[in-house]
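Lettering of chains follows the sequences in order, A, B, ..., and the numbering in each one begins at 1.
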Amino acid sequence: MTEEKKSFYLIDGSSYIYRAFYAIGRLSNAKGMPTQAIYGFAQMLLKVIRERKPDYICVVFDAPGPNFRHEMYEAYKATRQKMPEDLIVQVPYIKNLVRFHGIPQMEMLGYEADDLIATLAHWGRDQGLEVVIVSGDKDLHQLIESPFIRQWDTQKDRVFTEDEVKEKFGVEPRRMGDYLALVGDSSDNVPGVKGVGDKTAQKLLQQWETLDGLYAHLEEVSPPSVRKKLQENRELAYLSRQLVSFKEDVPLSREIDSFVAGEPMKSELFKLYEELDFKNLLETLRQSWEDFQEVSSNTAGEGTESLRRDKIIRDEKDLFRLMEEIKALDCFSIDLETTSRDPMRAELVGVALSHADHHACYIPLNHSGKEAGNQLSEKVVLKALASVLSGEKPGKVGQNIKYEWVVFKRHGIDLKGIVFDTMVASYLLDPGKHSHSLDRIAAEHLGENMISYQEVTGKGKSQIGFAEVSVDVAAEYACEDAETTWRLVPILKRKLKEEGFEDLYVSLELPLIEVLARMEYQGILVDVQRLETLSVDFEKALDREAAIIYDLAKEEFNIQSPKQLAYILFEKLGLRVVKKTKTGPSTDVNVLEELAGEHPVVEHILNYRTLAKLKGTYADSLIKLVHPETGRIHTSYNQTVTATGRLSSSDPNLQNIPIRTEEGRKIREAFVAPPGHVLLSADYSQIELRILAHYSRDEHLVEAFHAGADIHRRTAAEMFNIPPHEVTPEMRRQAKTINFGIIYGMGAFGLARRLGISNKLAKASIDRYFDRYRGVKRYIERLIEETRQRGYCETLLGRRRSIPELQSRNYTLRQQGERLAINTPIQGTAADLIKKAMIDIHGALEKSGFKAKMLLQVHDELVFEVPMKELDVVRNLIREKMENVWELRVPLKVDMGWGENWTLAHP
DNA sequence: TGTTGATCGTAC
DNA sequence: GACGTACGATCAACAT
């Protein structure tokens with residue numbers, strides 16, 4: 001039996017960095033950072049690992065700073081130092097990539113990668129290893145030594161042995177140095193002998209063996225032209241010879257075992273790929289974990305205990321024992337399995353609970369089919385659960401536990417004592433993330449891959465309801481959720497604390513969960529008949545408009561298709577193309593309004609668009625979402641979506657119900673109060689500008705708010721240098737646009753377009769504004785600088801959003817970063833304040849036993865349903881809580897209105 | 001048949 | 001390229 005030689009792979013890291021950078025076209029992540037070198041490097045690295053499974057491996061990099069080659073040759077330095085800016089930023093990521101894969105890496109001051117590779121290759125050969133140099137560079141061919149040392153070019157997927165080199169260059173590897181000394185190497189700025197190419201060099205070396213041999217017989221060289229070149233460039237040839245030779249005196253004090261690859265750091269890799277937006281590598285990573293887990297569970301056998309111990313509760317004895325156990329605890333995690341993602345429609349299928357790492361229980365309730373076996377009745381389980389759920393103690397933790405709150409509420413249980421929500425915690429740690437789903441959080445913070453919902457229920461046509469899932473599979477899935485949530489709590493808690501988010505979390509976001517849950521559960525009453533009438537009216541109007549449009553266009557087409565519409569307008573009717581989108585000419589409202597005078601059809605298309613929007617997005621879809629039992633609409637408030645800290649609303653989105661046009665307000669009229677009640681709307685007046693005044697301490701702004709002035713009128717007066725009473729409506733309108741523009745970081749171009757004025761005039765207006773409001777100017781400048789330095793910006797209550805864009809070398813991106821840095825503290829602080837007001841108001845209403853209920857939040861507005869009898873008192877209570885929610889340098893002002901529907905309630 | 005990205009429009 | 005934050009309807013292209 002012959003012993004297989006162990007392999008030693010030496011990866012020429014520095015050359016791959018360059019090759020990947022130039023080989024792949026521009027690639028960047030969402031933040032605009034260039035990533036192509038990292039990507040190409042990762043592909044190469046994975047190829048080596050997967051295809052060759054090396055026993056020993058090392059990635060070798062050039063050390064920064066000069067080495068002997070620089071001293072020898074000035075020009076060498078010139079090209080070597082010029083690494084492009086876009087590549088420099090990628091290098092640290094590449095080194096991390098290698099490190100996270102558990103692969104040893106080396107660089108040594110005073111040496112280039114080639115020197116280390118030469119040293120290591122010979123060292124490895126002497127240790128009896130089969131050495132493979134992973135590189136495409138031909139100067140490394142010198143090291144090839146069959147059968148001990150080979151070279152693999154992964155990009156061309158070609159392996160070089162002595163024979164291959166000989167065939168390609170006409171010289172054996174050991175004479176490659178002589179060959180390169182003659183030919184030169186433009187990529188490394190090795191000069192060689194000018195005028196001697198590969199053919200001449202091959203011929204010369206075939207004849208005279210080596211460079212020394214050649215020069216020793218220089219007189220005999222023919223033709224004379226070549227001889228002349230060699231004569232003149234003798235020094236350059238020998239210099240080149242030295243430049244391409246390796247310095248093999250690298251001090252090595254490593255044991256062979258230090259070149260064994262370690263375990264990949266899964267969660268670090270996951271985070272890295274995520275930051276870089278390497279979608280397919282993320283997928284591959286997931287896949288490899290799954291494969292690994294399958295292999296290890298298949299081979300684990302009976303002797304090895306599985307990681308998770310799940311228990312399925314099927315009888316009362318176990319159930320009661322579990323409840324007793326839980327009662328004695330400090331806290332536990334809970335996760336419901338149901339028939340719907342909508343908590344207002346969900347029926348219970350099972351309950352998973354966990355209070356110890358890697359342990360969880362599953363209580364099946366309503367699994368269907370006779371294979372489901374014995375299940376406790378929903379009634380019994382709910383009753384037992386109520387004993388631990390409806391008290392403050394023990395504390396409850398969950399992933400999006402608002403969902404559980406609403407489902408339990410519908411089943412008669414008031415969930416109390418919410419002490420942690422992993423989704424909300426993850427959000428505070430990085431509100432810029434696009435998902436705070438449990439599987440993503442687990443991947444980030446635990447480096448674990450979870451069973452997906454789709455793996456359990458299937459997808460597409462063969463998808464089944466959760467109740468149809470077998471109890472065993474359901475238990476495994478649900479227990480994983482519950483116990484993963486449980487294990488995440490201490491980790492996230494520590495991170496919240498480290499980042500100083502404790503207060504924001506405990507005093508704001510956590511108490512807000514129940515407030516939002518109650519708002520969702522309460523819902524808002526809708527006059528469905530009214531919506532249906534509106535829908536029919538809109539439909540009729542749409543038909544009329546469509547008929548006119550088809551007539552004018554002399555053709556029927558899909559008006560809702562931008563592509564078909566563009567064809568009609570710009571090709572058939574020959575209208576001007578005002579603006580272009582990625583895919584063709586734009587047909588948006590600005591374009592159509594500009595074209596309105598040029599063809600009668602345009603006006604009708606605008607009408608059609610408006611009507612289609614009102615009918616489709618509002619009337620019809622709102623009707624579909626009215627709850628069959630409550631007759632109300634129960635929106636979902638999402639607490640973990642926006643980058644600034646605002647809430648968002650969905651299914652339906654009640655934060656974008658029309659208000660600006662009369663037609664649109666008809667939709668709003670369908671939101672009504674029940675008999676004996678009114679809808680009360682309370683909105684913060686100019687909250688964002690007040691926050692700007694607070695932060696900037698701008699003299700004029702602060703004074704204006706203290707004086708209770710009409711802020712836009714005041715701005716107009718400042719801008720036009722006239723007394724406020726002389727401000728015309730047009731002036732006020734312009735000032736208002738500028739005021740909003742400031743908050744959004746608008747530039748001259750945007751303002752010009754918005755106001756329909758020249759770029760120059762817009763620029764002058766903005767300059768004028770900052771001249772009048774010096775404090776604002778100073779504030780914005782300091783804010784941007786601070787944000788750039790810290791990498792994030794902060795709201796009044798300490799919420800943070802990281803803004804890496806400000807550190808970008810890309811101008812557009814940096815500009816974008818400036819706008820985010822300006823807008824986020826303002827928008828985010830407004831969000832902080834109204835959230836706190838919501839908590840305060842809810843507490844006050846509950847404490848005093850009012851029947852009034854908070855129903856909606858629309859960023860700066862709160863909508864309540866108030867019994868007529870309570871109106872006067874509750875009105876004052878709400879105003880008081882909102883206006884005094886926080887002490888700023890300017891007063892907060894609340895406008896209120898009430899009436900039987902939402903339109904009437906608007907002040 | 002379902003998924004995804006682009007376009008459009010509504011709100012604050 | 002040019003104004004921040006969302007959600008959702010529809011279309012068109014593409015994957016299954």
Side-chain angles (χ1 to χ4, degrees), chain A residues 32 431-432 459-463 557-566 579-592 605-606 608-622 624-625 635-638 641-661 663-665 667-668 683-684 686-688 737-755 759 762-763 766 793 801 803 810-828 830-831 834 856-861:
Chain A
K459 60 176 172 181
K461 221 173 62 178
S462 59
Q463 175 155 17
F557 65 100
N558 186 347
I559 305 166
Q560 308 219 68
S561 158
K563 198 178 167 186
Q564 294 181 35
L565 180 61
K579 193 172 63 172
K580 282 187 157 186
T581 67
K582 275 182 203 164
T583 54
S586 169
T587 64
D588 71 18
V589 64
N590 292 316
V591 171
L592 295 185
I605 289 166
L606 283 165
Y608 186 94
R609 282 255 177 91
T610 309
L611 289 164
K613 181 79 172 174
L614 290 173
K615 177 170 165 20
T617 306
Y618 296 106
D620 291 351
S621 29
L622 286 175
K624 285 184 202 140
L625 286 163
T635 184
S636 299
Y637 282 107
N638 204 317
V641 164
T642 71
T644 54
R646 273 188 177 180
L647 297 176
S648 82
S649 154
S650 58
D651 308 295
N653 180 357
L654 293 186
Q655 292 180 321
N656 69 348
I657 302 299
I659 189 169
R660 289 168 194 179
T661 67
E663 287 287 281
R665 277 197 295 273
I667 299 285
R668 216 167 250 250
D683 71 86
Y684 278 114
Q686 308 296 352
I687 189 165
E688 294 191 333
T737 304
I738 290 184
N739 273 332
F740 279 108
I742 297 298
I743 289 169
Y744 298 148
M746 190 195 282
F749 181 90
L751 186 66
R753 213 167 47 110
R754 190 65 183 251
L755 288 177
N759 242 321
K763 170 83 166 58
I766 291 173
C793 61
R801 173 185 187 180
I803 304 190
N810 175 323
Y811 176 76
T812 312
L813 216 58
R814 217 164 48 238
Q815 199 98 29
Q816 164 92 354
E818 291 189 2
R819 293 195 294 271
L820 301 182
I822 296 167
N823 182 257
T824 302
I826 298 175
Q827 191 181 118
I834 197 165
L856 306 178
Q857 190 252 43
V858 192
H859 309 309
D860 64 356
E861 173 189 13

Could you pick out which residue, A/Tyr811 or A/Thr824, lies toward the 5' side of DNA chain C when each is mapped onto its nearest nucleotide?
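The answer here is A/Tyr811.
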For [N], take OP1 and OP2 only and decide whether either is under 4.0 Å from a side-chain N or O of [X].
X	N	value
A/Lys459	B/dT1	no
A/Thr812	C/dA2	no
A/Gln816	C/dC3	no
A/Thr644	C/dA6	no
A/Arg801	C/dT5	yes
A/Thr587	B/dC8	yes
A/Arg819	C/dC3	no
A/Ser650	C/dC7	no
A/Ser586	B/dC8	yes
A/Gln827	C/dA6	no
A/Arg660	B/dT10	no

Which heavy atom of A/Pro825 sits nearest to which heavy atom of A/Ile822, and what is that distance?
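Result for this residue pair: CD-O, 3.5 Å.
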Looking at every non-hydrogen atom in both residues, tell me the closest pair between A/Asp620 and A/Lys615 and how far apart they are.
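Distance-wise, the nearest heavy atoms are OD2-NZ, 2.6 Å.
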Taking the minimum atom-to-atom distance to the side chain of [X], which one of [options] wins?
X	options	value
A/Tyr618	C/dC3, B/dT10, C/dC7	B/dT10
A/Ser648	B/dC12, C/dC7, B/dG9	C/dC7
A/Tyr744	B/dA6, C/dC11, C/dC3	C/dC3

Separation between the P atoms of C/dG1 and B/dA6, rounded to whole Å
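Result for the P pair: 14 Å, nearest Å.
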Taking only the C1' atom of each, what is the distance from C/dA2 to B/dG5 in whole angstrom?
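Nearest-Å result for C/dA2 against B/dG5 at atom C1': 23 Å.
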Assess whether one donor atom and one acceptor atom, taken from the side chain of A/Arg646 and the base of B/dC12, lie less than 3.5 Å apart.
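Checked by distance alone, the answer is yes.
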Euclidean distance, atom [atom1] of residue [X] to atom [atom2] of [N] [Å, nearest integer]:
X	N	atom1	atom2	result
A/His859	B/dT10	NE2	P	16 Å
A/Met746	C/dT5	CE	P	14 Å
A/Ile667	C/dG8	CD1	C1'	14 Å
A/Gln463	B/dG2	CD	P	11 Å

Counting the atoms with a prime plus P, OP1 and OP2 as sugar-phosphate, which does [X] contact under 4.0 Å by heavy atoms, base, sugar-phosphate, or nothing?
X	value
A/Ile743	nothing
A/Glu861	nothing
A/Asp683	nothing
A/Gly747	sugar-phosphate
A/Ala643	sugar-phosphate
A/Glu688	nothing
A/Leu820	sugar-phosphate
A/Asn558	sugar-phosphate
A/Asn823	sugar-phosphate
A/Lys613	base

Could you tell me whether the side chain of A/Arg665 and the main chain of A/Ile659 form a donor-acceptor pair under 3.5 Å?
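Yes, because the side chain of A/Arg665 sits within donor-acceptor range (under 3.5 Å) of the backbone of A/Ile659.
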I'd like to know if the side chain of A/Thr581 reaches the main chain of A/Ser586, judged simply by a donor and an acceptor atom lying under 3.5 Å from each other, with no hydrogens or angles considered.
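The answer is no, because no donor-acceptor pair under 3.5 Å joins these two groups.
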Could you check if a side-chain atom of A/Tyr744 sits within less than 4.5 angstrom of a side-chain atom of A/Ile826, using non-hydrogen atoms only?
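No, side chains not in contact.
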Do A/Arg801 and A/Thr644 make a side-chain contact, defined as non-hydrogen atoms from C-beta onward lying under 4.5 Å apart?
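With C-beta onward as the side chain, the pair touches.
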side-chain contact (heavy atoms from CB on, under 4.5 Å), that's the test. Do A/Asn823 and A/Gln827 meet it? Break it down for me.
CA-CA 6 Å; A/Asn823 182 257; A/Gln827 191 181 118; 3.2 Å; yes
